[in-house]
There are 2 protein chains.
Amino acid sequence: MRYDAEVNRARIIAVARHALAQDPNLTLKPIAELAGVGPGTVYRHFPSREHLLLTLYTGEVEALLDTASLLVRHEPREALRRWLEQLAAHGRTGSAASQAVRAALQSHGPHSARVRGALDELLAACRKAEQLRTDVTSGEVLVLMSYVWNTCGEPVGDRVLNIVMDGLCRDPRL
Amino acid sequence: MRYDAEVNRARIIAVARHALAQDPNLTLKPIAELAGVGPGTVYRHFPSREHLLLTLYTGEVEALLDTASLLVRHEPREALRRWLEQLAAHGRTGSAASQAVRAALQSHGPHSARVRGALDELLAACRKAEQLRTDVTSGEVLVLMSYVWNTCGEPVGDRVLNIVMDGLCRDPRL
DNA sequence: ACCTGAACACCGTTCAAGT
DNA sequence: ACCTGAACACCGTTCAAGT
């Protein structure tokens, strides 16, 4: 890659991170202007707003992959609940990072597959401990969690998560 | 209202109903053009796309208010499930009518309050029959149902609704 | 060869000009 | 007095023109 392009890309990323922290819904045009480049330059480096967000907030998506540390510290059911709470906490913020996580999960790409894999580990652990209904998949759990992207109220979110957890664990034996 | 305005309003509604049936995501500009009026004319009659949709599809929202006929034909729990299935069926279509129902429910306006009231009747019936957890509100149920606006797959939707129903009915006694 | 940004085709919204 | 639509300020995207 040419040197000037490298510089521009780095500048766009730095400026975007700073600007999006203040206004999560800022569009690419103003970001380009703040970075001192034309809109086409941003578009070349990042084909869409979603690509830029995923580049900026890879770490937040990666954090969802670490199920191992949850499983060593908690029993399976509690580990699952804490993972889902982590997801809900993201949704509540409405931040650009939250938008990135949402995009990663819903766009059926490699990110989504990896997160589903992580959740599968949690579900498998719960199933092994007989703390989970037997007929549920990670994809269905993520669909069920869609609500976290819409609403913000924390008390409501907690109560809804209780319902989700009870639905997931529903089983004659439990 | 002046006669020409009345004519224009009727024409906009007729054209919009026809055009939105073919492309649910059609915007107000093309609708105005198809109706042979300027965009400001549409904007005057309908302050936003949402207002137009709610005017066109009032019937679909009203249909959600008829809980009485569900309750006379089914036991409370089954009535609740059918009502939620009706909601999910709307979401699956992605039609303009579905967008209207979504807007009505989520915009915290009078429509939303009336639908919550209808759902409250179902929940009260279930509670009276001891077929429902005691700590859930209609607002929380609607939050939980957010997923219906995102995903489309019917089999997944059915399985997720099972989880929701089990979560809602979770109770030591049941 | 690769990057750039003026230009294009849209969007929602407004308000001066009409009747 | 009320309705109208050209005009405005945006958006995402492209591709001829630069280096």
Side-chain angles (χ1 to χ4, degrees), chain A residues 1-57 94-96 98-100 102-104 106-109, chain B residues 1-57 94-96 98-100 102-104 106-109:
Chain A
M1 185 179 297
R2 229 161 63 179
Y3 176 70
D4 54 347
E6 193 82 55
V7 168
N8 276 338
R9 186 188 150 93
R11 165 118 109 249
I12 290 166
I13 289 177
V15 168
R17 202 183 296 274
H18 183 260
L20 283 171
Q22 295 181 342
D23 179 3
N25 296 319
L26 205 63
T27 56
L28 294 187
K29 273 271 177 70
I31 291 174
E33 195 171 356
L34 287 169
V37 299
T41 305
V42 174
Y43 193 73
R44 168 161 287 271
H45 288 295
F46 307 99
S48 73
R49 193 184 134 90
E50 189 176 314
H51 278 80
L52 174 60
L53 290 178
L54 287 177
T55 301
L56 290 175
Y57 305 108
S95 64
S98 147
Q99 295 172 20
R102 176 181 187 170
Q106 293 186 348
S107 62
H108 295 304
Chain B
M1 183 179 302
R2 229 162 62 179
Y3 175 70
D4 54 348
E6 192 81 56
V7 168
N8 276 339
R9 186 187 150 93
R11 167 118 107 250
I12 290 167
I13 289 178
V15 167
R17 203 183 293 276
H18 183 260
L20 284 171
Q22 294 180 342
D23 179 3
N25 297 318
L26 205 62
T27 56
L28 293 187
K29 274 269 177 74
I31 290 174
E33 196 172 356
L34 287 169
V37 298
T41 306
V42 174
Y43 194 73
R44 168 162 286 271
H45 287 294
F46 308 99
S48 72
R49 193 185 134 88
E50 191 177 313
H51 278 80
L52 174 60
L53 290 178
L54 287 177
T55 301
L56 290 175
Y57 305 108
S95 63
S98 146
Q99 294 172 22
R102 177 180 187 170
Q106 293 185 347
S107 60
H108 295 302

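Letters A, B, ... mirror the listed sequences (proteins, then strands); counts begin at 1.
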Notebook entry, point to check: Considering only heavy atoms, which members of residues 10-21 of chain B lie under 4.0 Å from some atom of DNA chain C?
Noted result: none

Check: Would you say the side-chain atoms of R49(B) pair up with the backbone N or O of L26(B), donor to acceptor, closer than 3.5 Å?
Finding: yes

Margin query: If the condition is salt bridge (Lys or Arg N to Asp or Glu O under 4.0 Å), which residues does D23(B) pass it with, not counting sequence neighbours?
Written below: none

Note to self: Reading 5' to 3' and counting Watson-Crick or G-U wobble pairs with both distances under 3.5 Å, write the dot-bracket notation for DNA chain C, | for bases paired outside the strand.
What the structure shows: ||.|||||...|||||.||

Next item on the list: For H18(B), check side-chain hydrogen bond (donor to acceptor under 3.5 Å, both in side chains) against everything at least two apart and list the hits.
Entry: none

Next item on the list: Sequence neighbours left out, what passes side chain to side chain contact (heavy atoms under 4.5 Å, CB included) with V15(A)? Give chain and number order.
Entry: R11(A), L34(A), A35(A)

Notebook entry, point to check: Rounded to the Å, how far apart are E33(B) CD and dG5(D) P?
Noted result: 12 Å

Next item on the list: Would you kindly give the CD-to-P distance between E6(A) and dC2(C), to the nearest whole Å?
Entry: 14 Å

Next item on the list: Check the distance between dC2(D)'s P and N8(B)'s CG and give it to me in whole angstrom.
Entry: 16 Å

Note to self: Going by side-chain hydrogen bond (donor to acceptor under 3.5 Å, both in side chains), name the residues that satisfy it together with S107(B), two or more places apart in sequence or in a different chain.
What the structure shows: none

Notebook entry, point to check: Side-chain contact, heavy-atom cut-off 4.5 Å: I12(B) with F46(B)?
Noted result: yes

Next item on the list: Mind checking side chain to side chain contact (heavy atoms under 4.5 Å, CB included) for R17(B) and listing every partner two or more places apart, or none if nothing turns up?
Entry: I13(B), L56(B)

Notebook entry, point to check: Between dC2(D) atom C1' and R9(B) atom CZ, what is the distance in whole Å?
Noted result: 16 Å

Margin query: Holding to side chain to side chain contact (heavy atoms under 4.5 Å, CB included), I want the full list of residues that pass it with S98(B), two or more places apart in sequence or in another chain.
Written below: T93(B), S95(B), W149(B)

Check: Taking only residues two or more places apart in sequence or in another chain, which ones pass side-chain hydrogen bond (donor to acceptor under 3.5 Å, both in side chains) with T55(A)?
Finding: none

Next item on the list: Determine the Euclidean distance between corresponding P atoms of dC8(C) and dG18(D); express it in Å to zero decimal places.
Entry: 16 Å

Next item on the list: Answer whether the closest heavy-atom distance between the side chains of Q99(B) and L20(B) falls below 4.5 Å.
Entry: no

Item checked: Under 4.0 Å protein heavy-atom contact, by nucleotide of nucleotides 12-19 of chain D - B base, S sugar-phosphate only -> BBB-----

Note to self: Suppose the criterion is side chain to side chain donor-acceptor pair (under 3.5 Å): which pairs have a residue in residues 26-35 of chain A, not counting sequence neighbours?
What the structure shows: none

